Every structure is written in structure tokens, then in C-alpha cells.
Amino acid sequence: MAPHKAPDSSRRSDRSRRAIYDAALALVGESGYRRTTIEGIAARAGVGKQTIYRWWPSKAAVLMEAFLDLAARAAEEAAPQAGGTGGKTGGTDPQAGAAEYGIPDTGDLAADLKLVLRATVDELNDPLMEAPTRALTAEGIVDAKLGAEFVEKLLDPQLALYVTRLRAAQEAGQLRPDVDPRIALELLIAPLTHRWLLRTLPLTHAYADTIVDYALGGLAPRS
């Protein structure tokens, strides 16, 4: 008789963690941040609420980690389209940082930025991403602590990638030397965010391309 094989606790934990992530994101998208509860997440995930409290100190911590994991998975899926350079390459660790991925640097700044902004458009239009992103964005406006955590853990690492790419373009003479990359990146990101958040007009690839053309027209060296 073959020896009995003990259950793989790490695989069981991974399955439970993934179920909790998916449940948290689904609930916050359906009901909003404030109506989502640890009890509701546990019930949807099919785990005991003590399991959640053992791994996370609060509802905010669960949702933040779930959202970071979702963003990491979206970046991994986008990576092949960007030649393997536009998305995260880390595993299941939601904190796998910006050091593991970056904005492509082909030497053509406009093309590289259009590639990344098009991927951003796709993420924002993805129903799986849109509902929890909107819910957490809205809650972050009224909950300063959650908003600061959202910026620190998700936005700042992504914005740093733009700073790195724009500085490289600056060193290559493609941008004016007096341009502040941290301000310049907002010319690219803010219009997308504004149109998406307020639903003023459709968020499209063509719009993303136009933003890049307009922004670089003002950032390029003056003759």
C-alpha cells in the first residue's frame, strides 16, 4: 500500500488566499467598500473569518492586498504584449515591487508611452478591475489613511516608473533639461484618470495616443 501523503498546507493556504482575494474584490465592486465586511468576505470565500483575521489585521488590509494582487496579475498578462518589459514578472507576492517591471525603453519615447497608456486604458476598462478600483478610489477620498496607503503601495511605485523613463529620455536629449519628470508624468496620467473617473467621454487607445502627442509637444526641446 502506498504511504499516505500529507496534505500540502502551502497549496491549501494559497487556494484560500486566492479565494479571499477574489471574494473581497467581488464584494467591494458589488456593494462598495463600506458595506463589505470580513464576515461577508469569509462567507463568499468559503473560509472561517478567523482565517482572515489570522492573516490580516483589518478589512482595509485584505482589500489593499487583494487589489495589489489583482494589479500584479493584470500587469503579468500585459507583459507579453509589451515584449515582456511592460508588466510585473513577480510571482504571487502582491508586494513584488516596481523593481521587477518597467516602462519599455526602445529609444522611441512616444511609442513607449503610447504602449503603456494603452495598457492602462485596457486595465481601467476591464470590468474585473474597474469596480474595485472605483470603490477604493472613492473610499480613499474620504478615508485619508486608506487613501495614503493606496498611494504609497500602488500609485507611487507605478509613478516612479514614469519618472525613470522620462529621466532617461531627458538624458538622451528627447526632453527639455528643465522639465520636472514628476510633474511631466501627470500630463500623461491625469487626463486618463479624469476621463475614467468622471466618465466624461469614452476612454480609448486613440485618446491615450493623443495625450502622448500633446504632452510631448510641450515637453520636447525648443528649437
Side-chain angles (χ1 to χ4, degrees), residues 64 67-68 70-72 74-76 78-79 81-90 95-126 129-130 133-134 136-138 140-141 144 146-222:
M64 186 60 61
F67 191 81
L68 290 169
L70 176 63
E76 287 174 356
Q81 302 175 15
T85 57
K88 288 187 180 180
T89 58
Q95 302 290 346
E100 297 185 1
Y101 70 111
I103 294 177
D105 188 349
T106 65
D108 185 336
L109 179 61
D112 294 343
L113 291 175
K114 286 177 181 179
L115 180 69
V116 173
L117 261 64
R118 282 182 172 219
T120 301
V121 165
D122 290 341
E123 287 185 9
L124 292 174
N125 286 331
D126 182 347
M129 291 282 291
E130 182 176 16
T133 303
R134 286 189 182 279
L136 286 175
T137 299
I141 293 173
L146 181 67
E149 188 176 7
F150 193 81
V151 169
E152 176 188 357
K153 293 185 177 180
L154 183 69
L155 293 185
D156 278 348
Q158 294 181 356
L159 296 181
L161 304 179
Y162 283 89
V163 170
T164 297
R165 182 64 185 90
L166 292 172
R167 280 181 177 156
Q170 215 168 22
E171 293 170 0
Q174 298 171 338
L175 298 181
R176 299 201 317 266
D178 62 319
V179 166
D180 182 335
R182 184 58 181 78
I183 295 176
L185 70 86
E186 294 179 359
L187 301 178
L188 302 165
I189 299 299
L192 287 184
T193 304
H194 179 274
R195 180 171 284 203
W196 172 79
L197 191 60
L198 300 182
R199 296 188 175 99
T200 54
L201 289 169
L203 196 60
T204 64
H205 285 181
Y207 179 62
D209 291 350
T210 301
I211 289 173
V212 173
D213 290 337
Y214 284 8
L216 294 186
L219 300 173
R222 294 167 179 162

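Note that the structure is a prediction, hence the values are computed from the model and not measured.
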If you take all heavy atoms of [X] and [Y], which pair is closest and at what distance?
X	Y	result
V116	P104	CG2-CD, 3.8 Å
L159	R182	CD1-NH2, 3.4 Å
V179	A184	CG1-CB, 3.8 Å
L197	T137	CD1-CG2, 4.1 Å
A110	V212	O-CG1, 3.8 Å
A215	L188	CB-CD2, 3.8 Å

Applying side-chain hydrogen bond (donor to acceptor under 3.5 Å, both in side chains), name anything that partners [X], two or more places apart in sequence or on another chain.
X	result
N125	none
E152	none
D178	R176
D112	T106, R165

Quick one: does D209's side chain get under 4.5 Å of R118's, heavy atoms only?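 They are in side-chain contact.
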
If you define the side chain from C-beta out and look only at heavy atoms, does anything of L175 sit under 4.5 Å from L109?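 L175 reaches L109 side chain to side chain.
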
If you round to the nearest 0.5 Å, how far is [atom2] of [Y] from [atom1] of [X]?
X	Y	atom1	atom2	value
K114	T210	NZ	OG1	8.0 Å
L113	L187	CG	CG	11.0 Å
L117	L192	CG	CG	4.5 Å
T120	I211	OG1	CD1	10.0 Å
E171	L166	CD	CG	11.5 Å
L124	T193	CG	OG1	7.0 Å

Can you pull the ring-ring contact (aromatic ring centres under 6.0 Å, His included) pairs that have at least one residue in residues 146-200, sequence neighbours excluded?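 Every pair satisfying ring-ring contact (aromatic ring centres under 6.0 Å, His included) with a residue in residues 146-200: F67-F150.
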
Backbone N/O of A168 and side chain of Q174: donor-acceptor pair under 3.5 Å: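 The answer is no, because no donor-acceptor pair under 3.5 Å joins these two groups.
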
Polar side-chain atom of E123 near backbone of M129 as donor-acceptor pair, under 3.5 Å: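 Side chain of E123 to backbone of M129, a donor-acceptor pair under 3.5 Å: no, none is there.
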
Identify, with sequence neighbours excluded, every residue that meets side chain to side chain contact (heavy atoms under 4.5 Å, CB included) alongside T204.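 If we apply the side chain to side chain contact (heavy atoms under 4.5 Å, CB included) test to T204, skipping adjacent residues, the hits are P202, A206, Y207.
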
